[in-house]
Amino acid sequence: MSKATRATEMLDRSGVTYALQSYDYDPGADRIGVQAALALGVPAAQVLKTLMIMADNKPACAILPSDCELSMKKFAAALGAKSAEMMKPNDAERITGFKVGGISPFGQRRGVPTVIEEQALALESVFVNGGQRGLQIKLDPKQIVRVLDAKAASLIATA
């Protein structure tokens, strides 16, 4: 497995300190981020999933803990959009240049508006996908905001 991806190249250009962690990717896992957390031996809340969303028919990115569900209403509100829905997997792969299960918020083919769950910023470090299945990047979550010019907001759906 190559450790250099468009995601790591973007972080290198941005001067971000990070660590790479590989794990055995399970394509059959119900929740890929939760499976990654188990494989890495860290709490699921520390592994953030990257979801590609269509907000008012424009691509956007949501980053939130892997054990939580995204509130489309909260996500749309965070971007000032009227509606939001999950992007189709084929569209997500085409827009990001990454395979589903390996989509990183960093190094996507084109920059899109990004919103990160605000609770993640309280953590000392988090993991995000490194741009390929089975590769995670460990970094300070505040660097996600800085590098991606991401907005922090409450995104988690409540029961």
*Sequence neighbours excluded, which residues qualify as side-chain contact (heavy atoms from CB on, under 4.5 Å) partners of Q119?*
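Per chain and number, Q119 pairs via side-chain contact (heavy atoms from CB on, under 4.5 Å) with E117, I156.
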*How would you list, by chain and number, every residue that makes a side-chain contact (heavy atoms from CB on, under 4.5 Å) with L20, sequence neighbours excluded?*
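L20 satisfies side-chain contact (heavy atoms from CB on, under 4.5 Å) with K3, T8, Y18, L135, I137 only.
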*asked:* The criterion is salt bridge (charged side-chain N to carboxylate O under 4.0 Å, His left out); which residues satisfy it with D26, sequence neighbours excluded?
replied: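 D26 satisfies salt bridge (charged side-chain N to carboxylate O under 4.0 Å, His left out) with no residue once adjacent residues are dropped.
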*Under the salt bridge (charged side-chain N to carboxylate O under 4.0 Å, His left out) rule, collect the residues that match up with R109, sequence neighbours excluded.*
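By the salt bridge (charged side-chain N to carboxylate O under 4.0 Å, His left out) rule, R109 matches no residue at all.
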Residues in side-chain hydrogen bond (donor to acceptor under 3.5 Å, both in side chains) contact with [X], at least two apart in sequence or another chain:
X	result
Y25	none
Q35	none
S14	none
Q21	none

Taking all atoms of both residues into account, what is the closest heavy-atom pair of [X] and [Y], and its distance?
X	Y	result
L121	P141	CD2-O, 3.7 Å
I53	A84	CG2-CB, 3.8 Å
Q143	V16	OE1-CG2, 3.7 Å
R110	P59	NH2-CG, 2.9 Å
F75	A60	CZ-CB, 3.7 Å
P105	I63	CB-CD1, 3.6 Å

*Does anything in residues 66-82 pair up under salt bridge (charged side-chain N to carboxylate O under 4.0 Å, His left out), and if so which pairs, sequence neighbours excluded?*
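Sorted result for residues 66-82: R31-E69.
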*Mind jotting down which residue pairs meet the salt bridge (charged side-chain N to carboxylate O under 4.0 Å, His left out) criterion with at least one end in residues 119-129? Sequence neighbours excluded, please.*
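As it turns out, there is no salt bridge (charged side-chain N to carboxylate O under 4.0 Å, His left out) pair with a partner in residues 119-129 once direct neighbours are skipped.
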Hydrophobic cluster identity match, [X] and [Y], side-chain contacts under 4.5 Å:
X	Y	answer
M86	I32	no
V128	L51	no
M10	V145	yes
M54	M72	no
V34	L40	no

*Within the distance-only criterion (no hydrogens, no angle test), does the side chain of K151 pair as donor or acceptor with the backbone N or O of A78 below 3.5 angstrom?*
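Pair found, side chain donor or acceptor close to backbone of A78.
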_Strictly distance-based, threshold 3.5 Å: is any side-chain N or O of T114 a donor or acceptor partner for the main-chain N or O of V112?_
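Side chain of T114 to backbone of V112, a donor-acceptor pair under 3.5 Å: yes, one is there.
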*Do R6 and F98 meet the cation-pi criteria used here (NZ or CZ under 6.0 Å from the six-membered ring centre, within 45° of the axis)?*
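Yes, R6 sits over the ring of F98.
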*Tell me, which pairs form a side chain to side chain donor-acceptor pair (under 3.5 Å) where one or both residues lie in residues 47-56, sequence neighbours left out?*
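Non-adjacent pairs meeting side chain to side chain donor-acceptor pair (under 3.5 Å): zero.
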_Please list all pairs meeting side chain to side chain donor-acceptor pair (under 3.5 Å) that have one or both residues in residues 92-108, counting only residues at least two apart or in different chains._
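Listed once each, the pairs are D91-R94.
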_Non-hydrogen side-chain atoms of L64 and I116 separated by less than 4.5 Å_ =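 Not in contact.
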*Do L48 and N129 have side chains that get closer than 4.5 Å, going by heavy atoms?*
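No - every pair of side-chain heavy atoms lies 4.5 Å or more apart.
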